[in-house]
*Asks:* 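Take this structure first; my questions come after.
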Amino acid sequence: MTSILRKLIGGMLPAALLLAVPHAATAVQFPQFDAVPCCQLCPRAADPANYTTKYLSSYRTLVQGRDGWLFRSEADLLMQFGPDAEGVKRLGELRDELGRRGIEMVIMVQPPRGLMHADKLRGLAPQYDPNVQFASYRKLLDTMRGIGFTVVPTDKLIEAEGTENFFWRTDHHWTPAATRLTAKLTAETIKRMPAFKDVKRQRFVTRREGLLARGGTLGNAASQLCGFMTPKQYMPRFVTEADDAGDGGADSLLGDESVPQITLIGTSNSEPQYNFSGFLSEELQADVLNASIVGGGIDGSLLAYVSSEEFRTNPPKILLWEMEHYHDLSDPITYRQIVPMLTDGCNGKTIVLEREVTLKQGNNEVLFNGGGAVRPIKGRNYVLDLQFADPATKELRGQIWYTTGSKDKLRIDHAPRGPSLKGRFVAEMRSDGDYANQTFLGLDVELAPPEVQPPAAAPLIPSAAPVAAAPVAPAVVQPQKLRARICSMTPAANSASVAPSPKKARLHSTNAGARVAGLEAAGSGGAQ
């Protein structure tokens, strides 16, 4: 049988080979491809005029680095930054107001992305000088220390070991490895604070849980401008949890509904996927309440937190503010909101002017300081407290008039993805320059339809021309009620103290790496 099979196979093999090999006279046709280098920015990315959408404006202007790295010239490569003289003054007032409530603020300014990865820019960004940026960064940290804040010495990270993956190649966020390094440095700073001695201890452990993938925020901007997709980058992901099996030491309150006495407020860099609050809890062996907001900018999480019932009933001993170096620390509207919110706006204060109106689409007169008696409403000793009936309202467009004929445009935007402030807006009257001595006359509020972003156009190929977006029909808004109050910053004689005593039952952070869910602003009385 074996010999028969051999003969059969031997007889079939030549024919099979003839079928497999093309005839000599037939030319083989292979597909043709035009290969182009991947992931190099196109000329469109170099023109700031092409960053026309709200999203793209945050990444103006992209700069090509080595090994596929991308940078933002107006953020990563910014060389002069920090608060001006007025910003320094208002930051000092914020520190004082927190101090009156027994709260010490710690400042953690993330190091510039350009500095951490200057080797990826050498020879490619002639206008960028890392030495100038480093000097400006150190000056910012020294300024914060001079104001009286405890400041994490993050400038030490610039030349530290193990920082080759501090940031992602095509994303402006830091990596889990960077958060761990920074958390260790931050914890060392906090442990030296007198306030930390009374912080309750609890055991936390960190474990690795899968991978974290980032295509990149800068990569997405490059895709919209140039039409290519940047490759994803992968890093280990970590999760930190309370270790209920540990003894936690002599100061442990395991099994007790204890109140976290350290709160983290910050940007999307502090969201759970990077585990900054988790690493902090592990390093400190203490619970950290994460009240950070994605897309909240410099003041989004701070404003939402000090507006919350959580803050008023359970103020922390230590408040850690994580921020980017390029954030505007001189914007007056930031402090005009935060400082009066520390005392809950007009709740518990003497009301000098009040009115409830129904707003219609367009401009509406809300308050008028007249009717036979002009009240001496001047400067930031007075606070404007507005409560919209629709708790989803997150934009205020108004105009304050003064008896001199001057006017002040009032524009406030709450973080779109942040905790709800229930349609409440609180701000001091303007006091800079000549405004301090001008008398308030009236307030107009515009009820405008929400800004509708046109649908994003498909990514362009390098040779394609921009495609005009389809027109969007204007939205129509329904009338809604608004309660407007102006009050003196001085509490009423019979009002309660600034904040009630901490309560035992409260929102508890069971996972230090998780953001607080449902952190909401709450006022008292009819303001809600």
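For clarity, every value in this text was computed on a predicted model and none was experimentally measured.
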*Asks:* Does some side-chain heavy atom of Ile262 sit less than 4.5 Å from a side-chain heavy atom of Leu280?
*Replies:*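 Leu280 does not reach Ile262 side chain to side chain.
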
*Asks:* Quick one: does any side-chain atom of Thr182 pair with a main-chain N or O of Thr179 as donor and acceptor, under 3.5 Å?
*Replies:*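 Not a single qualifying donor-acceptor pair exists.
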
*Asks:* Contact between Arg411 and Leu396 at the side-chain level, heavy atoms closer than 4.5 Å - yes or no?
*Replies:*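 SC-SC contact between Arg411 and Leu396 ruled out.
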
*Asks:* Counting only heavy atoms not in Asp434, do more than 12 fall under 6.0 Å of its CG?
*Replies:*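 Not more than 12 within 6.0 Å, no.
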
*Asks:* Checking Arg201 against Phe196: charged group under 6.0 Å from the ring centre and within 45 degrees of the axis?
*Replies:*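 Yes; both conditions hold, so Arg201 lies above the ring face of Phe196.
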
*Asks:* Is the backbone of Leu329 close enough, under 3.5 Å, to the side chain of Tyr335 for a donor and an acceptor to pair up by distance?
*Replies:*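 Yes, Tyr335 side chain to Leu329 backbone: donor-acceptor pair under 3.5 Å.
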
*Asks:* Can you pull out every salt bridge (Lys or Arg N to Asp or Glu O under 4.0 Å) where at least one residue sits in residues 290-306? Sequence neighbours excluded, please.
*Replies:*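 Qualifying pairs, neighbours excluded: none.
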
*Asks:* Quick one: sort the Tyr59 and Tyr55 rings into parallel, tilted or perpendicular, breaks at 30° and 60°.
*Replies:*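 Plane angle between 30° and 60°, so tilted.
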
*Asks:* Going by the side chain to side chain contact (heavy atoms under 4.5 Å, CB included) test, name the single residue among Val106, Asn290, Thr150 that passes it with Leu320.
*Replies:*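 Checked Val106, Asn290, Thr150 against Leu320; only one passes side chain to side chain contact (heavy atoms under 4.5 Å, CB included): Val106.
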
*Asks:* With side chain to side chain donor-acceptor pair (under 3.5 Å) as the test, would you mind laying out the steps for Ser406 and Gln438 before giving the verdict?
*Replies:* CA-CA 9 Å; Ser406 299; Gln438 295 193 40; 3.3 Å; yes

*Asks:* Other residues, nucleotides and ligands only: do more than 12 of their heavy atoms fall within 6.0 Å of CZ on Arg122?
*Replies:*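 Counting other residues, nucleotides and ligands, CZ of Arg122 stays at 12 neighbours or fewer.
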
*Asks:* Check whether Lys200 reaches the backbone of Gln261 with its side chain - one donor and one acceptor, N or O, closer than 3.5 Å.
*Replies:*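 No.
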
*Asks:* Parallel, tilted or perpendicular: which fits the ring planes of Tyr305 and Phe311, with parallel below 30° and perpendicular above 60°?
*Replies:*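 Plane angle over 60°, so perpendicular.
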
*Asks:* Taking the side chain as everything from C-beta on, heavy atoms only, tell me whether Pro376 gets closer than 4.5 Å to Thr439.
*Replies:*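 No, side chains not in contact.
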
*Asks:* Think Arg207 forms a cation-pi with Phe238, using NZ or CZ under 6.0 Å from the six-ring centre and within 45 degrees of its axis?
*Replies:*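 Pair Arg207/Phe238 does not count as cation-pi.
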
*Asks:* Could you report the tightest heavy-atom contact between Leu115 and Phe134, atom names first, then the distance?
*Replies:*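 The answer is CD1-CA, 3.7 Å.
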
*Asks:* Is a donor from one side chain sitting under 3.5 angstrom from an acceptor on the other, for Thr154 and Tyr137?
*Replies:*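 The answer is yes; a qualifying pair exists.
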
*Asks:* Quick check on Lys139: does its NZ atom have over 12 non-hydrogen neighbours (other residues, nucleotides or ligands) under 6.0 Å away?
*Replies:*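 Result for NZ/Lys139: open.
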
*Asks:* Could you tell me how the ring of His117 sits relative to the ring of Phe167: parallel (under 30°), tilted (30 to 60°) or perpendicular (over 60°)?
*Replies:*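 It falls in the perpendicular class, over 60°.
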
*Asks:* Is the charged tip of Arg424 near the ring of Phe388: under 6.0 Å from the six-membered ring centre and within 45° of its axis?
*Replies:*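 Negative - Arg424 is either too far from the ring of Phe388 or too far off its axis.
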
*Asks:* Does the side chain of Glu428 come under 3.5 Å of the side chain of Tyr382 through a donor N or O and an acceptor N or O?
*Replies:*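 Per modelled atom types, Glu428 and Tyr382 side chains form no pair under 3.5 Å.
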
*Asks:* Whether the side chain of Gln133 engages the backbone of Leu78 through a donor-acceptor N/O pair (distance < 3.5 Å, no angle test) should be reported.
*Replies:*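 Yes, the answer is positive, given that a donor and an acceptor are paired below the 3.5 Å cut-off.
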
*Asks:* Looking at side-chain heavy atoms only, is the closest gap between Phe440 and Lys378 below 4.5 Å?
*Replies:*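 Answer no - side chains too far apart.
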
*Asks:* Decide yes or no on side chain to side chain donor-acceptor pair (under 3.5 Å) for Thr240 and Glu282, but give the supporting numbers first.
*Replies:* CA-CA 7 Å; Thr240 301; Glu282 183 183 42; 5.1 Å; no

*Asks:* Which residue pairs satisfy the salt bridge (Lys or Arg N to Asp or Glu O under 4.0 Å) criterion with at least one member in residues 313-332, sequence neighbours excluded?
*Replies:*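 As it turns out, there is no salt bridge (Lys or Arg N to Asp or Glu O under 4.0 Å) pair with a partner in residues 313-332 once direct neighbours are skipped.
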
*Asks:* Work out which heavy atom in Thr267 is nearest to a heavy atom in His327; give both atom names and the distance.
*Replies:*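 Result for this residue pair: CG2-CE1, 3.6 Å.
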
*Asks:* Run the numbers on Thr217 and His173 for side chain to side chain donor-acceptor pair (under 3.5 Å), then give the verdict.
*Replies:* CA-CA 9 Å; Thr217 51; His173 296 95; 4.9 Å; no

*Asks:* Without hydrogens or angle criteria, can the side chains of Asp84 and Ser330 be said to hold a donor-acceptor pair below 3.5 Å?
*Replies:*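 Distance-only check passes for Asp84 and Ser330.
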
